[in-house]
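What follows is a single structure, written as structure tokens, with notes after it.
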Amino acid sequence: MKRIMLGNEAFARGAWEAGVKVVSSYPGTPSTEVTETLAKCGDEVHVEWAPNEKVGVEVAVGASIGGARALSCMKHVGLNVAADPFFTAAYNGVTGGLVVLVADDNGCHSSQNEQDSRYHGRGAGVPILEPADPTECKDYMKLAFDMSEKYDTVVLMRSNTRISHSRGIVEEDERVEHDVIPYEKNFRKYVAMPAMARVNHVKQEQRLAQIVEDAHDIVVGTKAPSAAKATATGAFNMDDIAAAVTGYPLNKEELKDPEIGIVTSGICYQYVKEALPEASVFKLGLVNPLPLQDIAAFAKKVNKLYVIEEGNPFLEEQIRAAGIPVHGGKELFTIQGEYSANMIRKAFGIEVPEGETESTDAPGRPPLLCAGCPHKGLFYVLSKLKTTVMGDIGCYTLAALAPTNAIDTTMCMGASIGMEHGFEKATGDSKNLVAVLGDSTFIHSGITGLVNMVYNEAKGTVIILDNRITGMTGHQQNPASGKNAKGEPAPALDIYTLCRAIGVRNVFEIDPFDVKELEQLIKEETNRDELSVIITKRPCAMIVKQPGVPNVITDKCKNCRQCMKVGCPAIAMKDGRPYIIKESCVGCGLCTRVCPFDAIESTARGAGKEDK
């Protein structure tokens, strides 16, 4: 059966068909839907949201050692968090197939940088597969598990925003179950002591060399490679795999016009085919290790060789270093942002077809916190108090923008606490200084920062925004939400009790919409000569039904515009005065609490006249 799927859904389908048994991930756009899709697959797959990516990879490694096929998914910055176990697992190898899926974000659609994860894979010494469409997402995932077991290696599956979120027709196949490989104690393989690591490093290099040698035989298709016979050791024989699959090569040469030859991979392959349909192309599905001999042979068949890849010159540098002449690469194309067919056309002096020029007519849509967002009350108060705020990664990062302008710094997950501590130690002053981070971010990597503050006798104030969900990535569960990845009831971490157990003596919980009480509490705690934690507790407006009755600005309004400082998208200016857009208002009541003249009321009470 064929079905239209997102690339991420196709990745999930491929993992399911390949017999994956354990999936442990941390949500991160653009990778999130892979794990969400697998969570709906039933009891044959254990799926979980881990507290962070490091834990996710460690769970997957443990499952692999236990003999099961395992998967861990994350976005590019998450691979930084997971690098510690990832790099060592690359030395040790696997028992059951082990795949790490990472989705890069060229263009920073939802990220703080444009990191190129291929360097992590190359640095770790593992094969990297990079599909170019949803069909390949499914097929490459199945192949990745077989490659992992055959070559005794972790396999890195690289995606990006366009591959993960584009749609295509994918043919569904049956799931192929794999028996859990019996565990055998092997401390020389899995204990990363120096003596063992030196031996395992040699084995790792041998694996990569063998993969390069075998690369021209690796093919993917609709028939599962897992149909091949396993050897007595459980590894797959490549000849059997090649014979079992009726498909196309992982790396393939498409010879057409010999004037131009292009080496490319992933989404750039689609752009090249659209912009230069007559060009000869060497398409890479295996981007590490590179089949440099095959690329050299292709280069001899064309007059001019170009390398087209988003991000850093990962392919280009290796090809040039091998002595293969490259006519054009990053001197023609930028390192920043996403590419397009039109960008490639322009680089080659080809006129952009009429009607395909990029339009600038679409109105901008500034990023804003949602109407009814529980974070608005907090940042309204922090802005009013002119507090120095060390921010973090989450929806609330938007509070750095007007009208609140309430966040001073944002770097990476969980960094706010350590940065606040360092700021205090550098300046000797913790007055009117706070760190803010969400509940999921605190669990991800903020707990250790708070432990550090306790241990080193900090005096700052940490504010944990507990909205009962992982909001920014699309409302995934976390250890404090009371549900697991499949939506089933699960033990909920009590953040208040955890903070007290760490050693924080001053811990407070408060509704962030109680703005007067919150303001007083923040004043008191930021002037205290002792560490304190404030937990603002109110569920995300997108998961808990709001009253639904819009508010209205009455004749009592003095046009002080205090309500505008909340930054609510339901409050706008019209004819020089604020008014409430009833279609956007969810009736949360925050504006009624900040209005000093009691001029905002609920329409349910029928008070006042609605602005027109």
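This is a predicted model, so every value here is computed, not measured. Along the sequence shown, residues are numbered consecutively beginning with 1. What's counted below: heavy atoms across the whole structure, side chains too, no hydrogens, waters or symmetry copies.
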Report yes or no: does Gln318 contribute a side-chain atom to a donor-acceptor pair with the main-chain N or O of Phe314 at less than 3.5 Å?
yes
Check whether the side chains of Thr37 and Glu33 place a donor and an acceptor atom closer than 3.5 Å, and report yes or no.
no
Could you give me the CA-CA distance, side-chain angles and deciding distance for Asp173 and Lys138, then say whether salt bridge (charged side-chain N to carboxylate O under 4.0 Å, His left out) is met?
CA-CA 10 Å; Asp173 295 309; Lys138 190 200 85 162; 2.8 Å; yes
What's the spacing between Thr35 OG1 and Asn8 CG if we round to 0.5 Å?
8.5 Å
Check: Leu284 main-chain N/O paired with Asn251 side-chain donor or acceptor under 3.5 Å
no
Pairing donors with acceptors under 3.5 angstrom, does anything connect the side chains of Ser159 and Ser164?
yes
For the backbone of Ala63 and the side chain of Lys21, can you confirm whether one donor and one acceptor N or O come within less than 3.5 Å of each other?
no
Donor-acceptor pair, side chain of Thr32 and main chain of Gly28, under 3.5 angstrom
yes
Taking the side chain from Asp104 and the backbone from Ser117, do they hold a donor-acceptor pair closer than 3.5 Å?
yes
Going by heavy atoms in the side chains, are Phe87 and His120 under 4.5 Å from each other?
yes
Using a 4.5 Å cut-off on heavy atoms from C-beta on, say whether the side chain of Leu6 contacts that of Phe11.
no
Less than 3.5 Å apart, any donor N or O on the side chain of Ser440 or Thr470 sitting next to an acceptor on the other?
yes
Hey, does the side chain of Tyr396 reach the backbone of Ile393 with a donor-acceptor pair shorter than 3.5 angstrom?
yes
Taking the side chain from Arg320 and the backbone from Val326, do they hold a donor-acceptor pair closer than 3.5 Å?
yes
Would you say Arg198 and Tyr91 make side-chain contact, with heavy atoms under 4.5 Å?
no
So, Ser445 and Asn52: side-chain donor and acceptor under 3.5 Å apart, yes or no?
no
Between the side chains of His76 and Asp116, is a donor N or O closer than 3.5 angstrom to an acceptor N or O?
no
At what distance, to the nearest 0.5 angstrom, does CD of Glu488 lie from NZ of Lys483?
10.5 Å
Specify the closest pair of heavy atoms between Cys73 and Val34, including all atoms of both residues, with the distance to one decimal.
SG-CG1, 3.7 Å
Enter the distance from Asn106:CG to Ile335:CD1 here, rounded to the nearest 0.5 Å.
12.0 Å
Within the side chain of Arg207, is there an N or O that forms a donor-acceptor pair under 3.5 Å with the backbone of Val126?
no
Is there side-chain contact between Arg3 and Glu171, with heavy atoms separated by less than 4.5 Å?
no
Is it the case that the side chains of Gln336 and Glu114 hold a donor-acceptor pair, with the cut-off being a distance below 3.5 Å and no angle test?
no
So does Pro127 get a backbone contact from the side chain of Asn288, meaning a donor-acceptor N/O pair under 3.5 Å?
no
Can you tell me how far CG of Leu315 sits from CD1 of Ile295, rounded to the nearest 0.5 angstrom?
7.0 Å
Whether Arg69 side chain and Ala18 backbone form a donor-acceptor pair below 3.5 Å
yes
Using only heavy-atom distances, determine whether the side chains of Gln206 and Tyr151 contain a donor-acceptor pair under 3.5 Å.
no
Is there side-chain contact between Thr410 and Asp392, with at least one heavy-atom pair below 4.5 Å?
no
Would Tyr306 and Val263 count as a side-chain contact (heavy atoms from CB on, under 4.5 Å) if you check the C-alpha gap in whole Å, the side-chain angles of each, and the deciding distance to 0.1 Å?
CA-CA 6 Å; Tyr306 297 83; Val263 178; over 6 Å; no
Answer with yes or no whether the side chains of Asn200 and Gln204 bring together a donor and an acceptor at under 3.5 Å.
no
Decide yes or no for Gln112 and Val77: does some side-chain heavy atom of the first lie under 4.5 Å from some side-chain heavy atom of the second?
yes
Using 0.5 Å steps for rounding, measure from the CG atom of Leu208 to the OG1 atom of Thr153.
6.5 Å
Go through the steps for Glu172 and Arg13 under the test side-chain contact (heavy atoms from CB on, under 4.5 Å), then give the verdict.
CA-CA 8 Å; Glu172 297 180 329; Arg13 181 72 192 188; 3.5 Å; yes
What residue among Ile443, Ile464, Leu450 forms side chain to side chain contact (heavy atoms under 4.5 Å, CB included) with Leu437?
Ile464
For side-chain contact (heavy atoms from CB on, under 4.5 Å), just list the numbers for Lys252 and Tyr269, CA-CA rounded to whole Å, side-chain angles, deciding distance to a tenth of an Å, and then say yes or no.
CA-CA 11 Å; Lys252 60 180 180 178; Tyr269 170 75; 4.1 Å; yes
In Å and rounded to the nearest 0.5 Å, what is the CZ to CG distance from Phe298 to Leu305?
6.5 Å
So, Ser111 versus Lys75: side-chain donor-acceptor pair below 3.5 Å or not?
yes
Given Arg162 and Asp105, is the salt bridge (charged side-chain N to carboxylate O under 4.0 Å, His left out) satisfied, shown in steps?
CA-CA 9 Å; Arg162 296 302 166 193; Asp105 187 17; over 6 Å; no
Evaluation steps, salt bridge (charged side-chain N to carboxylate O under 4.0 Å, His left out), between Lys142 and Glu17
CA-CA 7 Å; Lys142 295 167 72 173; Glu17 290 180 8; 2.9 Å; yes
Please tell me if the side chains of Lys486 and Gln477 come closer than 4.5 Å, counting only heavy atoms from C-beta onward.
no
Determine, stepwise, if the pair His444 / Tyr26 fulfils ring-ring contact (aromatic ring centres under 6.0 Å, His included).
CA-CA 9 Å; His444 177 282; Tyr26 185 81; 4.7 Å; yes
Test salt bridge (charged side-chain N to carboxylate O under 4.0 Å, His left out) on Lys283 and Glu136 and set out the steps.
CA-CA 13 Å; Lys283 176 186 177 295; Glu136 289 189 353; 3.1 Å; yes
